[in-house]
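Contents: one structure, followed by commentary.
Proteins get letters first, then strands, A, B, ... in listed order; numbering begins at 1 in each.
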Amino acid sequence: MKSRVEIKDEGKSIDIVYDLKSLRKSGQVSEKHKNVFDVFLADYLLSGGQGQYYMPALRASDEGMRELYDIQKRLLKEQKLDYLFYDVEMPLSDVLFEMEASGVKLDVDVLKELSKECDSKIAELEKSLYKIAGTPFNVNSPKQLSEILFERLKLPVVKKIKTGYSTNEEVLTKLSSQHPLPALILEYRQMSKLKSTYIDALPLLVDAKTQRLHATFNQAGAETGRLSSNNPNLQNIPVRTEFGQRIRKAFVPYSKGHELLSADYSQIELRILAHLANDDELKNACRGDGDIHRYTASLMFDVPENKVDDKMRYAAKRINFGIVYGMGAFSLAKDLDVSINEAKDFIEKYFLRYPKVRQFLDGEIQKARDLGYVTTLFGRRRYLPDINNRNMGLRQFAERQAINAPMQGTAADIIKIAMVKVSKRLIKEKLSSTMIMTVHDELVFDVPKDELKIMALLVQQEMEAAMDLSVPMKVSVKAGNNWLEMEKVHS
DNA sequence: CGTCTCACG
DNA sequence: ACGTACGTGAGACGT
């Protein structure tokens, strides 16, 4: 199969390619070309999270490529996907190419130190674990671990899985009130996870030539329209735990005189929900400088905002998150550690105050049933073939996807648009700053210090203006000497 | 190679 | 009575 075919369409010369970014990487396409049509990306948009539907025609023959182009071009137009294809995904492919080529600098010495520290902690934990368990065993083996916990120590089984008894975090946390072993296991797990997945693995991926990490951002993989990252995955670098955070210190600017600048959307999915559902109260929650979760708690529990306590705010926050995933009372109950009835009551109160949110979510499920797919604000589709399945589990799963996909997908559309816009501005303003990473709602740049101010302003403006919603999109910008120690840049 | 677990948004 | 919160990628284990 040829990876590149030139054709004439309406007098214009068009380069039909399969996976432009890969072709540029392997040098088969040497530079940006004005009229490129990537059938790989077109297929991604058209198949809407259903796998590759039109590819057989592509693989069949080179002649099929012209035919494929005609079909895809027509379908993109019919499905109103031309904006996403021509103005977002195609230009984004070049932005991602540049970003991957630029790479991210890693301070390997920082990780070497961490590795040593981790080693001794793991050794200590192993010693205690074996002593309490009464025998050495492989802590990384769920099978051996469950023998120790549930047979030798006779701890109660919290959750069963296909292969026996679950020993996951939720289970071990529950068991830790009854025995000292589970808490130690949790600590051991955290250490060995961080060590094997990040501390020891990242340095091996540093490119010998550039001394940087060059991840690949997959533009046509995620079913909702998000990007994903591999080799390494830069989108799951630890941040939640204190020890994990120290790994971020190893992500550093290209050189002295530069800093990392990070800009992230605040609560973008909730803001999108407010816009899509057109719910007056949720829109109010998103306006001003207020705290969305506090506002929500104030409504739900019917108290003024200054009387919202931590528990109330926490509950509201969890519901706000859960709503985006299509969560039910059972899961909320588990999450908040309250009874199912209390959880039901919370959800009831939530929808009473945000009535149009419920209408919107029900509407999305209905739309999926009628059309077989849901869409983002920009028309990206997600097909949900199980939405009318007789198997309740599969059907309900599809319903949750119908709720989540428009929000997660619209957020993905928006940050992709922002990336293209920011990238154009960098060129136009002749800036030396470089886009180096994206983490779903965050963009990270390497910035010479004398460009910090202008970049903070430029990035914030472009990201906030990427789409005009009926509520503001808020972006906060931070900068610093590594990916952990960053301070807010006011603009 | 499937399963489990867990890192992130 | 059932299962029960979306989307990813990666490492370790064990068949």
Requested in this report: Kindly indicate, with the supporting measurements, whether the criterion side-chain hydrogen bond (donor to acceptor under 3.5 Å, both in side chains) is fulfilled by A:Ser433 and A:Asp446.
Outcome: CA-CA 6 Å; A:Ser433 297; A:Asp446 177 274; over 6 Å; no
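A:Arg395 comes within 4.0 angstrom of nothing in the nucleic acid, heavy atoms only. A:Lys162 comes within 4.0 angstrom of sugar-phosphate atoms only, judged by non-hydrogen atoms across all strands, and of no base. Across all strands, A:Val239 comes closer than 4.0 Å only to sugar-phosphate atoms, never to a base (heavy-atom distances). Using a 4.0 Å heavy-atom distance criterion, A:Gly393 is classed as making no nucleic acid contact. Within 4.0 Å (heavy atoms only), A:Glu169 reaches sugar-phosphate atoms of the nucleic acid but no base atom. Across all strands, A:Ile161 comes closer than 4.0 Å only to sugar-phosphate atoms, never to a base (heavy-atom distances). Within the nucleic acid shown, A:Asn218 has no heavy atom closer than 4.0 Å to any nucleic acid atom. A:Gln144 comes within contact range of the sugar-phosphate backbone alone, with a heavy-atom separation under 4.0 Å but no base atom that close.
Because its NZ or CZ atom is not both nearer than 6.0 Å to the ring centre of A:Tyr373 and within 45° of the ring axis, A:Arg382 does not count as a cation-pi partner of that residue.
One finds no side-chain N or O of A:Gln235 lying less than 4.0 angstrom from the OP1 or OP2 phosphate oxygen of B:dA7. Within the 4.0 Å cut-off from OP1 or OP2 of B:dT5, at least one side-chain nitrogen or oxygen of A:Ser166 is found. Proximity of A:Arg400 to the phosphate of C:dC6: a side-chain N or O atom is located under 4.0 Å from OP1 or OP2. The side chain of A:Thr163 contributes an N or O atom lying less than 4.0 Å from OP1 or OP2 of B:dC4. Between A:Ser141 and C:dG14, a side-chain N or O to OP1/OP2 separation shorter than 4.0 Å is present.
The salt bridge (charged side-chain N to carboxylate O under 4.0 Å, His left out) contacts involving residues 267-276 of chain A comprise A:Arg226-A:Glu269, where partners must be two or more places apart or lie in separate chains.
Atom CG of A:Asn391 and atom P of C:dC2 are 14 Å apart (whole Å). Distance OH (A:Tyr265) to P (B:dG9): 17 Å, rounded to an integer number of Å. If you take CD of A:Gln401 and P of C:dT4, they are 13 Å apart, rounded to a whole angstrom. Atom CD in A:Gln267 sits roughly 12 Å away from atom C1' in B:dG9 (whole-Å rounding). In this structure, NZ of A:Lys143 is placed 14 Å from P of B:dT5, rounded to the nearest angstrom. Whole-Å rounding puts the A:Ile185 CD1 to B:dC6 P distance at 11 Å. Taking atom CG of A:Asn341 as the reference point, atom P of C:dT4 lies 20 Å away to the nearest angstrom. In this structure, A:Trp483 atom CH2 and B:dA7 atom C1' are separated by 12 Å, rounded to whole Å.
In DNA chain C, stems built from 3 or more consecutive Watson-Crick or G-U wobble pairs, each with both distances under 3.5 Å, span B:1-9 with C:6-14.
Between the side chain of A:Lys127 and the main chain of A:Glu124, no donor-acceptor pair closer than 3.5 Å is present. Side-chain atoms of A:Tyr165 do not come within 3.5 Å of backbone N or O of A:Glu147 as any donor-acceptor pair.
Ion pairing of A:Glu487 with A:Lys478 is absent here, as no side-chain N (NZ or NE/NH1/NH2) approaches a carboxylate O to less than 4.0 Å. A salt bridge does not link A:Lys154 to A:Glu151: none of the charged nitrogens lies less than 4.0 Å from a carboxylate oxygen. Using a 4.0 Å cut-off between a side-chain N of Lys or Arg and a carboxylate O of Asp or Glu, A:Lys474 and A:Asp289 qualify as a salt bridge. Note on A:Asp207 versus A:Arg212: no salt bridge recorded, every NZ/NE/NH1/NH2 to OD/OE distance being 4.0 Å or above.
Atoms OH and CG, from A:Tyr383 and A:Asp386 in turn, are 15.5 Å apart once rounded to the nearest 0.5 Å. For the atom pair OG1 (A:Thr216) and NZ (A:Lys25), the distance works out to 3.0 Å, reported to the nearest 0.5 Å.
When distances are taken from the side chain of A:Ala222 to each of C:dG9, C:dT8, B:dG9, the shortest belongs to C:dT8. Of the candidates B:dT5, C:dG9, B:dG9, B:dG9 carries the atom nearest the A:Asp441 side chain, counting heavy atoms from C-beta on. Nearest nucleotide to the side chain of A:Pro142, out of B:dC4, B:dG9, B:dC8: B:dC4. Closest to the side chain of A:His440, out of B:dC6, C:dG7, C:dG9, is C:dG7. Taking the side chain of A:Asn138 as heavy atoms from C-beta on, and the options B:dG9, C:dT4, C:dC13, the nearest nucleotide is C:dC13. The side chain of A:Met392 has C:dC2 as its nearest neighbour among C:dC2, C:dG7, C:dT8.
Contacts with DNA chain B (heavy atom under 4.0 Å) in residues 186-204 of chain A: A:Arg189, A:Gln190, A:Lys193, A:Tyr198, listed by number.
Spacing between C:dT4 and B:dT3 at atom P, rounded to whole Å, works out to 15 Å. The separation of B:dC6 from C:dA1, taken at their C1' atoms, amounts to 31 Å, rounded to a whole angstrom.
At a cut-off of 3.5 angstrom, the base of C:dA12 holds no donor-acceptor pair with the side chain of A:Asn140. Residue-to-nucleotide contacts include a donor-acceptor pair under 3.5 Å from the side chain of A:Gln408 to the base of C:dC6.
Side chains of A:Glu464 and A:Tyr265: a donor-acceptor N/O pair is absent below 3.5 angstrom, by distance only.
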